[in-house]
Amino acid sequence: MTVRRRSQLNHLKYLTSTAQSCFDASFKNTRLTEASQFYSSLVQQCLHTRSLLDVGIVQTHMIKFGYIHLHIGNKLIDASLKCGSISYARKLFDELPNRHIVMWNSMISSYISHKKSKEGIGLYERMVLDGVYPDEYTFSCVFKAFSNLGLINEGRRAHGLSVVLGLEVSNVFVGSALVDMYAKFGRMKDARLVSNRVVDKDVVLFTALIVGYSQQGDNGEALEVFGSMINQGIKANAYTFASILITCGNLEDLTNGKLVHGLVIKSGYEPAVASQTSLLTMYARCGLIDDSLRIFKRFPNPNHVTWTSLIVGLVRNGREELALKKFRKMICKSIVPNSFTLSSALQACSNLAMIDEGRQIHAMVTKFGLDRDVYAGAALVNLYGKCGSTEMARSVFDALIDIDVVSMNSMIYSYAQNGFGHEALELFNSMKELGLEPNEVTILSVLLACNNSGLVHEGCQIFATITNNQTIELTRDHYACMVDLLGRSGRLEEAEALVKQVRNPDVVLWRTLLSACKLHGEVEMAERAVNKVLELAPGDEGSHILLTNVYASTGFG
DNA sequence: ATAGGGTTAG
């Protein structure tokens, strides 16, 4: 706090009590510039101290002496926003009779950057209704609010207005905001159309496009955009590198990954935290987890995202023990895990069937208030299912605030693993009412449940429905499950017919059929199956033994 | 006077 500021505010108080007459209307008219400078410098002081109280003092004084000037009003609003009080700024905003476009923009962008997209859009709509035309500053921030709230139609309407006002592609900020919005809506075609029209594309616009393609699973296109950006002589920055490294990781494209790593080093962005986390992830996804570990060691202060990336990478690469060790170390360093971290640590426990460790992490999930989180929840359901505690799995499942397909799948699979076929079917049948669309994993889980509980009829029915609808792509795993189900119940002909339906039947399918043959003493089919197994896996000892068993049990051989 | 993009998960 400066002495000068104190003296100015004291001076203000002095003026308030003794020199009111100086600030009457005539003063205002004759010495406007002086008053303006006076207030302006006071507001400037408020900005330095970030004290809303001072803003209030200045404002009260201004209103009391009838000094209303747009420029100063803006500064007051700006000062309130910078002091962290949107509501106070809004109060000032609503009180002032004439609002300049800058005020509207400041208010709207503050709302949106403080995760109050609804209020931001509300103000944007009022602005349009009031006949104030949004400008490039307005558009550069409202589109984000539409994507935050998933309001696609409203976003398109605003896009339309920006076209009418000629701001869509003439300003790169507006253009990239539009590209980002359409990308977040998954509408890459629209994003691309806007991008193509922007005259002066910059690195931010390209990055938004790259991230869009990457997150929509079109990593190849993301890589192309990156290439064309470089060709146009636009330099990548830390954000771009972070995104394109993730793209390489998604593609498990080590060649390009290493190439980009080289570019990162060359351009001097390596120290940027962002690039390094993505570097770590890229190497982990490409299977070079030791490189990830080496990169991790170079972080002076790894944050929760860095730790989580490492843990996730370790679990992906089958290094669950080390993942849990790192997780404990992270906790020791008082870094707060989030649902990403906890679900990965829980996955490590599931893979190792470490129920005690898992229970401890469950306690942390509770401690950090993530009991109702779908990700942590699904991981817990998996853990308890894997370790045979179906009841615990169900109680976690029932506490979830939002049930999605994945958590539903986890619960059905938990039932399946532990032989609770009817419970699994019941959940499966409840999905329609909940508005959840089953996917491949759901079907596999429910078929496994039928298989493990001998619910042949129900399993066949579900399989037939899926085959007829053709909405879900059936994999070899689905077929293997059905072959087992039919085979075990003695419907060997149907089982063999099913194997033959598969485009490239693998060893697992034939071996499954062979086991069924053994169970029912079916010699001829067993011989056919063994031949197929040996075709695909020459020297398979196991199938010979199985065949011998079949011969023995039927008196052949 | 005001403005934009990234990284961790079933």
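Small disclaimer: the values here were computed from a predicted structure and weren't measured. Protein chains get the first letters and strands the later ones, always in sequence-line order, with residue 1 at the start of each.
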Exercise for the section: Using a strict cut-off of less than 4.0 Å between a Lys/Arg side-chain nitrogen and an Asp/Glu carboxylate oxygen, indicate whether A:Asp94 and A:Arg90 qualify as a salt bridge. Expected result: yes
Exercise for the section: Mind checking A:Ser243 for me? I need base, sugar-phosphate or nothing, with any heavy atom below 4.0 Å counting as a touch. Expected result: sugar-phosphate
Practice task
Tell me what A:Val406 touches on the nucleic acid: a base, only sugar-phosphate, or nothing, going by heavy atoms under 4.0 Å.
Solution key: base
Exercise for the section: Just call it for A:Gln347: base, sugar-phosphate, or nothing, with non-hydrogen atoms closer than 4.0 Å on any strand. Expected result: sugar-phosphate
Practice task
Between B:dT8, B:dA9, B:dG10, spot the one nearest the side chain of A:Asp404, thanks.
Solution key: B:dG10
Exercise for the section: Select base, sugar-phosphate, or nothing to describe what A:Arg316 touches, counting heavy atoms under 4.0 Å on all strands. Expected result: nothing
Practice task
Look at all strands and tell whether A:Val441 reaches a base, only sugar-phosphate, or nothing, counting heavy atoms closer than 4.0 Å.
Solution key: nothing
Practice task
Measure the distance from OH on A:Tyr384 to C1' on B:dG10 and round it to the nearest whole Å.
Solution key: 17 Å
Completion exercise
Picking from B:dG4, B:dA1, B:dT7, the nucleotide nearest the side-chain atoms of A:Phe173 would be B:dG4
Exercise for the section: Classify the nucleic acid contact of A:Ala379 as base, sugar-phosphate or nothing, counting any heavy atom under 4.0 Å across all strands shown. Expected result: nothing
Exercise for the section: Please determine, by modelled atom types, if A:Tyr384 and A:Arg394 share a side-chain donor-acceptor pair under 3.5 angstrom. Expected result: no
Practice task
Specify the separation, in whole Å, of atom OH of A:Tyr133 and atom P of B:dT2.
Solution key: 25 Å
Handout entry: A:Phe139 and A:Phe143 aromatic ring geometry - parallel, tilted or perpendicular at 30°/60° bounds
Key = parallel
Practice task
Using atom CG of A:Leu280 as one end and atom P of B:dT7 as the other, report the distance to the nearest whole Å.
Solution key: 15 Å
Practice task
Assign A:Thr240 to base, sugar-phosphate, or nothing according to its heavy-atom contacts below 4.0 angstrom with the strands shown.
Solution key: base
Exercise for the section: Determine, for A:Asp253 against A:Arg285, whether the closest basic-nitrogen to carboxylate-oxygen distance falls under 4.0 angstrom. Expected result: no
Completion exercise
Here the distance between atom P of B:dT2 and atom CD1 of A:Ile108, to the nearest Å, is 16 Å
Handout entry: Which nucleotide in B:dG4, B:dA9, B:dT7 has an atom nearest any side-chain atom of A:Val204
Key = B:dG4
Practice task
State whether the distance check finds a donor on one side and an acceptor on the other, under 3.5 Å, for side chain A:Ser339 versus base B:dA9.
Solution key: yes
Exercise for the section: Identify which nucleotide among B:dA3, B:dA9, B:dT7 has an atom closest to any side-chain atom of A:Ile246, counting heavy atoms from C-beta outward. Expected result: B:dT7
Exercise for the section: Give the rounded distance in Å between these two atoms: CG of A:Leu310 and P of B:dA9. Expected result: 12 Å
Exercise for the section: Give a yes/no answer on whether the side chain of A:Arg285 brings an N or O atom under 4.0 Å of OP1 or OP2 in B:dA9. Expected result: yes
Problem - Distance-only donor-acceptor test (3.5 Å): side chain A:Asn382, base B:dG10 - result: no
Exercise for the section: Would you indicate whether A:Asp200, at its atom CG, is surrounded by more than 12 heavy atoms from other residues, nucleotides or ligands within a distance under 6.0 Å? Expected result: no
Exercise for the section: Calculate the interatomic distance between A:Gln215 atom CD and B:dT7 atom C1'; express it in whole Å. Expected result: 10 Å
Handout entry: Options B:dG10, B:dT7, B:dA1, nucleotide nearest the side-chain atoms of A:Val211
Key = B:dT7
Practice task
Name the nucleic acid region contacted by A:Ser309, choosing base, sugar-phosphate or nothing; use a 4.0 angstrom heavy-atom cut-off, strictly under.
Solution key: sugar-phosphate
Fill in the blank from the handout: Among the nucleotides B:dT2, B:dG10, B:dT8, whichever has the atom closest to the side chain of A:Tyr375 is B:dG10
Exercise for the section: Classify the nucleic acid contact of A:Val374 as base, sugar-phosphate or nothing, counting any heavy atom under 4.0 Å across all strands shown. Expected result: base
Problem - Lys/Arg N to Asp/Glu carboxylate O, A:Lys325 vs A:Glu321, below 4.0 Å - result: no
Exercise for the section: Return the value, rounded to whole Å, for the distance between atom NZ of A:Lys201 and atom P of B:dG4. Expected result: 21 Å
Practice task
Please determine, for the side chain of A:Ser407, which listed nucleotide (B:dT2, B:dA9, B:dG10) has the closest atom?
Solution key: B:dG10
Problem - From B:dT2, B:dG4, B:dT7, nucleotide with atom closest to A:Val102 side chain - result: B:dT2
Exercise for the section: Under 4.0 Å between any heavy atoms, over every strand shown, what does A:Thr138 touch: base, sugar-phosphate, or nothing? Just pick one. Expected result: nothing
Practice task
Compare the minimum distances between each of B:dT7, B:dA3, B:dA1 and the side chain of A:Ser278, then state the nucleotide with the smallest one.
Solution key: B:dT7
Practice task
Have a look at A:Asn409 and say if it touches a base, only the backbone sugar-phosphate, or nothing, with a 4.0 Å heavy-atom cut-off.
Solution key: nothing
Exercise for the section: Tell me which nucleotide among B:dA9, B:dT7, B:dT2 gets nearest to the side chain of A:Asn105. Expected result: B:dT2
Handout entry: Atom-pair distance (CZ on A:Phe327; P on B:dA9), nearest Å
Key = 16 Å
Handout entry: Side chain A:Asn171 and base B:dA3 donor-acceptor under 3.5 Å
Key = yes
Problem - Lys/Arg N to Asp/Glu carboxylate O, A:Arg372 vs A:Asp402, below 4.0 Å - result: no
